[in-house]
Amino acid sequence: MTVRVRFAPSPTGYLHIGGARTALYNYLFAKAQKGTFVLRIEDTDLERSKKEYEELQIEDLKWLGVDYDEGPDKPGNYGPYRQSERLDIYKKYAQSLVDRGLAYYDFCTDDELEEMRERALKEGRPPHYEGKWRNEEFFEEAANRLASGEKAAIRFKAPGKSYTLHDNVRGRVVFPENMVGDFILIRSTGLPVYNFCCVVDDIEMKITHIIRGEDHLNNTVRQMMIYEALGSGLPEFAHVSLLIGKDRQKLSKRHGATSVVNYKEESYLPQAIANYLVLLGWSHPDEKEIFDVNDLGTEFDATRFSKAAAIYDLEKLKWVNGMHIRALPLETLQKGIEEFIENDHFYFGQSEDWKKSAIELYKNQIEFFSDFQKRIDEDLLNPNVEVTDKLKDVLSWETTKQIHGFLDKKVKEQKSDFLSKDNFDSLFNELKTDLKIKGKQLFMGTRVCLTGHDHGPELGDLVPIIPKEVMQKRLSNIATLF
RNA sequence: GCUCCCAUCGUCUAGCCCGGUCUAGGACAUCGCCUUUUCACGGCGGUAACAGGGGUUCGAAUCCCCUUGGGAGUACCA
C-alpha cells in the first residue's frame, strides 16, 4: 500500500510558521516513504476564506521547498482539491448517514441551542445537544418541514461510547463515552463543517497517514465516529506537538513574526527555515543539526517526534541561517545578496572583481543576505567615525597622529578610485619603515584612520575595496578628533 | 467547569518504549581562554536540567500513582 499524506490549510491568512512545519513533516514523510503528498484547501468557512490567501500560502509553501504531488493547481485522481468544489460529495455522504439513521435533520435555532447549553451548564451536565429532533418520533415532522422548503442542519448522532485512538506520537489515547454530544455535519446553509469534510476527503483521497497539530487531537473522537459510521477503517494518526511563544502561550502576532512571508522579507534562507522548523519537535537520528531537509530521505521517520510543545525562539534560527549562508556556492550567495541590495546602490556600479572581493570578505560574517548591505554601508561608505573608548585611546597615541599625516598625504596622491591591494601593501610597508612604527600602534592606527572603526575585517582585504573618497573624508573627520 | 495531551540545562533536544553503561550527552545563547597584532570565523573549556511528592525495585531521568504547572478541545470556526 502506498503512503498518501496531506496538508490541509484554510486560506484565512498567510502561511503560519506552525502550518509550515506540519506541511514539512508531511512532505518529508511522503518523501521518505516514497508516497504521495496532497495539498487540500479547506475553504468551507466562506466568511473568512479568501482566494488570495490560498495563492499566497501556495507561494510560501513552494518558496520553502515543500512540493506536493496533488493539489488545486496540480490535478490528480482524487480532485477537486478545494473543499468548496466538493460540496455535492459531502451532501451525498451526509444524506446516506441520515438515511441509515446515523444522522438527523435539526431545526433548532441558535437561540434554542444557546438556551439548552446554558441550562445544561448550570445544572452541571455536559453541554451536549438535547433537542427533540434526534428522536425517531420527530423524523416524520422533520421530513415534512424539509419538504415544505424549510432549512435544517444535519446533525450526527453520537454513539455515546468510548473510543480508543492509537496515535503514533501520543500512544494510546482513550476518549470517554460522554466526551462529545451530537454535532453538526452540514450547516443549515448547506455548507459542511470541518470534522465532516475532513473525514470524507481523507477517505475519498485515500489518505493513509494523518500528521497534524495536537490541537486536533480532541477532534479525532468525532472523526473516528464518522469513519465508523461511514464503514471506513482508520488511517494512522500522528498528532505533533504545537509551537508556542516564549511565554508558553499559543504563538500569535505579539510574539513577532509568525508568518513565513515575514522571514522571506527579512532575507532568511528557505532551506534554513525548513532545517530549523524540522528540528522543532523532531530530532535527527544522528543528532545532526545542519542539513538540507531534502537530503534526509529515510532518515526522516515518524517515530522521532517529541511530545512536548516547543517554544519558538529565533536565536537558533539565526545561527542555522548563518550556517546555510556559509555553505552556499559563491555565485548563489552573490545572487542572493544582490536581491537584498537597493537598486541604485553604490554596489552595482562596481567591477565584478570588486563585488567578488567584498562578498568573499563578508561571507563568514553575515547571518542574513540583508546583513551584507548593512556591512558595506557601514564599513565602506559611511565616512563618519564611530567614537568608542577604544578608539579614543588609539587617537591619543602620538604614533596615530604620525600615521594620519602620512596616510592623508598618500591617499590624496592616489589617482584611481581605489587603492589596489599591491598599492596598499607597499604603502603599508613604507609607513612601517619611514615612521618606524610597528605592532599594535601600526595596525590600530591605520585601521582607525582609514575605516573610522576600531574593529573590522582584515585590513589588507578591506582597504582595497574602500572608495578613496570615503577614506579621505574619514581622514579629515579623524583630524578633528585629535 | 468538564475532557484530552504534555513536563530533562534560559532555549531546541538525546536518553525514556526494552530500569543499572547517566557523577544525564549534543546544539543555540552566555562566560572564559587560544588563534587571527582588531573584530568575526575557527578551536578549547566553564556555568547550567531529570517540576514536586509518594510508591515498585538491590537499583528509576527511565515503570506506576498523586500534586503542581503548562497546553489543547469543549461552535451551524478550522
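Per chain, numbering begins at 1; letters A, B, ... match sequence-line order.
- H284(A) has its NE2 atom 16 Å from the P atom of U13(B), to the nearest Å.
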*Stepwise, does the ring pair (Phe, Tyr, Trp, His ring centres under 6.0 Å) test hold for Y312(A) with H255(A)?*
CA-CA 9 Å; Y312(A) 181 71; H255(A) 292 109; 9.3 Å; no
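- As judged by a 4.0 angstrom heavy-atom cut-off over every strand, G171(A) is placed among residues making no nucleic acid contact.
- The distance between atom CD of E315(A) and atom P of C9(B), rounded to the nearest whole Å, is 19 Å.
- Put simply, the side chain of T433(A) gets close to the backbone of E430(A): a donor and an acceptor are under 3.5 Å apart.
- Ion pairing between a basic and an acidic side chain is recognised when a charged N comes within 4.0 Å of a carboxylate O; K374(A) and D371(A) show such pairing.
- Nucleotides C64(B) and A60(B) are separated by 12 Å at their C1' atoms, to the nearest Å.
- Here G26(B) presents its P atom at 17 Å from CD1 of I290(A), a figure rounded to the nearest Å.
- At distances below 3.5 Å, at least one donor-acceptor pair connects side-chain atoms of W397(A) with backbone N or O atoms of D393(A).
- Looking at Y25(A), its side chain does come within 3.5 Å of a backbone N or O of V278(A) through a donor-acceptor pair.
- The existence of a salt bridge linking K288(A) and E299(A) is excluded, since no basic side-chain nitrogen approaches an acidic carboxylate oxygen closer than 4.0 Å.
- I311(A) places its CD1 atom 14 Å from the P atom of A7(B), with the value rounded to the nearest Å.
- Here, U74(B) and C18(B) have their C1' atoms 38 Å apart, quoted to the whole Å.
- Base pairing annotation: U68(B) forms a Watson-Crick or G-U wobble pair with A7(B), both donor-acceptor distances under 3.5 Å.
- Between the D106(A) side chain and the R134(A) main chain, no donor and acceptor come within less than 3.5 Å of each other.
- Under the Watson-Crick or G-U wobble criterion, with both distances below 3.5 Å, U30(B) is paired with G46(B).
- In terms of heavy-atom proximity, F372(A) sits nearest to A358(A) at CE1-O, 3.7 Å.
- Taking atom C1' on both G73(B) and C65(B), the two are 25 Å apart, rounded to the nearest angstrom.
- Look at C41(B): it lacks any Watson-Crick or wobble partner with both distances under 3.5 angstrom.
- Base engagement by K440(A) is indicated by at least one non-hydrogen atom pair under 4.0 Å involving a base atom.
- For the C1' atom pair drawn from G52(B) and C76(B), the interatomic distance equals 45 Å after rounding to whole Å.
- Mapping V173(A) and K316(A) onto RNA chain B by nearest heavy atom places V173(A) at the nucleotide closer to the 5' end.
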Contacts under 3.5 Å, N or O only, protein and nucleotides 65-67 of chain B:
none

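- Taking atom CG of L459(A) as the reference point, atom P of U37(B) lies 11 Å away to the nearest angstrom.
- Among all heavy-atom pairs drawn from S306(A) and S241(A), the shortest one is O-OG, 3.4 Å.
- As rounded to whole Å, 13 Å separates atom C1' of C4(B) from atom CE of M224(A).
- Nucleotide G59(B) has no partner under the Watson-Crick or G-U criteria, as no pair reaches both atom distances under 3.5 Å.
- With hydrogens and angles disregarded, a donor-acceptor distance shorter than 3.5 Å links the side chain of N477(A) to the backbone of P383(A).
- Picking from U38(B), U13(B), A7(B) the nucleotide with the shortest atom distance to the side chain of A308(A) gives A7(B).
- For G1(B), the paired nucleotide is U74(B), the pair qualifying as Watson-Crick or G-U wobble because both relevant distances are below 3.5 Å.
- Between the P atom of U11(B) and the OH atom of Y276(A) lies a distance of 12 Å, rounded to the nearest Å.
- For C66(B) and C2(B), the P atoms lie 15 Å apart once the distance is rounded to whole Å.
- Contact record, L317(A) with A272(A): CD1-O, 4.0 Å, taken as the closest heavy-atom pair.
- For the P atoms, the distance linking U67(B) with C50(B) amounts to 22 Å, nearest Å.
- Counting non-hydrogen atoms under 4.0 angstrom, P126(A) reaches nothing in the nucleic acid.
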*asked:* For nucleotides 71-78 of chain B, give me one character per nucleotide, 5' to 3': B if any protein heavy atom sits under 4.0 Å from the base, S if the only such contacts are to the sugar-phosphate, - if neither.
replied: SBSSSBBB
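- In this structure U35(B) sits in no base pair that meets the Watson-Crick or G-U test at under 3.5 Å.
- Using Watson-Crick or G-U wobble geometry with both donor-acceptor distances under 3.5 Å, U21(B) finds no partner in any strand shown.
- Comparing G69(B) with G55(B), their P atoms sit 23 Å apart, to the nearest whole Å.
- Here the C1' atom of nucleotide U36(B) and the CE atom of M444(A) are 14 Å apart, to the nearest Å.
- Looking at heavy-atom distances under 4.0 Å, V221(A) makes no contact with the nucleic acid at all.
- Nucleotides A61(B) and G54(B), compared at atom P, are 14 Å apart to the nearest Å.
- Using a 4.0 Å heavy-atom distance criterion, R304(A) is classed as a sugar-phosphate-only contact.
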*asked:* Could you walk me through whether H216(A) and Q223(A) satisfy the side-chain hydrogen bond (donor to acceptor under 3.5 Å, both in side chains) test, starting with their C-alpha distance in whole Å, then the side-chain angles of each, then the deciding distance to 0.1 Å, before giving a yes or no?
replied: CA-CA 10 Å; H216(A) 289 290; Q223(A) 298 185 6; 5.4 Å; no
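- Side chain to side chain, R212(A) and T22(A) fail the donor-acceptor criterion of an N or O pair below 3.5 Å.
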Can you tabulate the close N/O pairs, meaning under 3.5 Å, that link protein atoms to atoms of nucleotides 39-43 of chain B?
unit_1, atom_1, unit_2, atom_2, d
C39(B), O2, G456(A), O, 3.3
C39(B), N3, G456(A), O, 3.3
C41(B), O3', R326(A), NH1, 2.9
G42(B), OP1, R326(A), NH1, 3.2

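- At a threshold of 4.0 Å, the pair E204(A)-R40(A) does not count as salt-bridged, since none of the basic side-chain nitrogens sits closer than that to a carboxylate oxygen.
- Remark: A14(B) base-pairs with no nucleotide in the shown strands. Criterion, Watson-Crick or G-U wobble with two distances under 3.5 Å.
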